[in-house]
Colleague: 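Just dropping this structure here.
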Amino acid sequence: NAGVTQTPKFRILKIGQSMTLQCTQDMNHNYMYWYRQDPGMGLKLIYYSVGAGITDKGEVPNGYNVSRSTTEDFPLRLELAAPSQTSVYFCASNKGDRVKGEQYFGPGTRLTVT
Amino acid sequence: GDSVTQMEGPVTLSEEAFLTINCTYTATGYPSLFWYVQYPGEGLQLLLKATKADDKGSNKGFEATYRKETTSFHLEKGSVQVSDSAVYFCALSVSSNTGKLIFGQGTTLQVKP
């Protein structure tokens, strides 16, 4: 299993541009998450999904959108990029059974908005 | 609301020293508790977990005991190595319906030879 994969690894955007961060998992996990990690800070939840067709906002959803059309994929869309969105973005997945299981993380996408 | 508080870093130790990273939590219900580790340039990896009071999680020489009476889950290792240098995150999960985790701010550990 590749686990959770994210593309691209790095990206530089100009203010006002848009892009999609890709996330795919091959573990057949129901739950998926997007986080951002700012320097010296913990992780903040942007959006999450408990299954295909179901998404919900996390702690910091403004400026982002998501979709979940398949179990495997959970792309994060940035519209009108702003410098405040400069961060490292992590995607994660969780099996989603009734046991409180751990999340599995991708390697991250480092985004700079200038 | 639910929250996790970790000791501030960075923590700098010499090789073979004893490590403690403090973690306390506030939660309603009965959370599961986790320690994640993040090596430079990588994503987070689960280090250990405990799902109920008095459980001890252990992995790679690291240990943490779920203490409900003190709402703590301190991470310990008897003898650290240079390769243990990383950022360590304490986290809790209270919802089995969403699997959401609440993370502490992370503690940077630097181990010197």
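Proteins come first, then strands; the chains are lettered A, B, ... in the order of their sequence lines, and each starts at number 1.
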Colleague: Take B:Leu44 and A:Leu43 through the side-chain contact (heavy atoms from CB on, under 4.5 Å) test and state the conclusion after the steps.
Modeller: CA-CA 10 Å; B:Leu44 278 71; A:Leu43 278 74; 4.1 Å; yes

Colleague: Please look at A:Gln6 and chain B and tell me whether the side chain, the backbone, both or neither of the residue comes under 4.5 angstrom of a heavy atom of that chain.
Modeller: neither

Colleague: Is there a chain of hydrophobic side chains (I, L, V, M, F, W, Y, each step under 4.5 Å between heavy atoms) that links A:Ile46 to A:Met32?
Modeller: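 Cluster IDs for A:Ile46 and A:Met32 match.
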
Colleague: Is it the case that atom CD1 in A:Ile15 sees more than 12 heavy atoms from other parts of the structure closer than 6.0 Å?
Modeller: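 For A:Ile15, atom CD1 is crowded (more than 12 foreign heavy atoms under 6.0 Å).
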
Colleague: Would a hydrophobic clustering, with Ile, Leu, Val, Met, Phe, Trp and Tyr connected at side-chain separations under 4.5 Å, put B:Leu19 with B:Trp35?
Modeller: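 Linked within one cluster.
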
Colleague: Any side-chain heavy atom of B:Gln38 within less than 4.5 Å of one from A:Phe90?
Modeller: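 Yes, their side chains come closer than 4.5 Å.
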
Colleague: How many angstroms lie between CG in B:Leu46 and OH in A:Tyr104, if you round to the nearest 0.5 Å?
Modeller: 7.5 Å

Colleague: When you look at CD of B:Glu8, are more than 12 heavy atoms from neighbouring residues, nucleotides or ligands closer to it than 6.0 Å?
Modeller: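 At most 12 heavy atoms, drawn from other residues, nucleotides or ligands, come within 6.0 Å of this atom.
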
Colleague: Give the minimum heavy-atom separation between B:Phe89 and A:Gln37, together with the two atoms involved.
Modeller: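 Heavy-atom minimum between the residues: CZ-NE2, 3.2 Å.
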
Colleague: Minimum heavy-atom separation for B:Tyr36 and A:Glu102, please, with both atom names.
Modeller: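 Minimum heavy-atom separation between B:Tyr36 and A:Glu102: OH-CB, 3.6 Å.
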
Colleague: Taking everything shown except B:Glu69 itself, do over 12 heavy atoms lie less than 6.0 Å from its CD?
Modeller: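 Counting other residues, nucleotides and ligands, CD of B:Glu69 exceeds 12 neighbours.
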
Colleague: Using the rule that Ile, Leu, Val, Met, Phe, Trp and Tyr join whenever any side-chain heavy atoms are under 4.5 Å apart, tell me whether B:Val111 and B:Met7 fall into a single cluster.
Modeller: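 Yes, B:Val111 connects to B:Met7 through the hydrophobic network.
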
Colleague: Heavy-atom pairs under 4.5 Å with chain A are the metric here; pick the option from B:Gly41, B:Gly43, B:Gly9 that has the most.
Modeller: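 Maximum pair count with chain A is reached by B:Gly43.
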
Colleague: Surrounding CE of A:Met27 (heavy atoms of other residues, nucleotides or ligands, distance under 6.0 Å), is the total greater than 12?
Modeller: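 Yes, enclosed.
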
Colleague: Can any side-chain N or O of A:Tyr33 pair as donor or acceptor with the backbone N or O of B:Gly99 at less than 3.5 Å?
Modeller: yes

Colleague: Say you draw a straight line from CG of A:Asp56 to OG1 of B:Thr98; how long is it, rounded to the nearest 0.5 Å?
Modeller: 9.0 Å

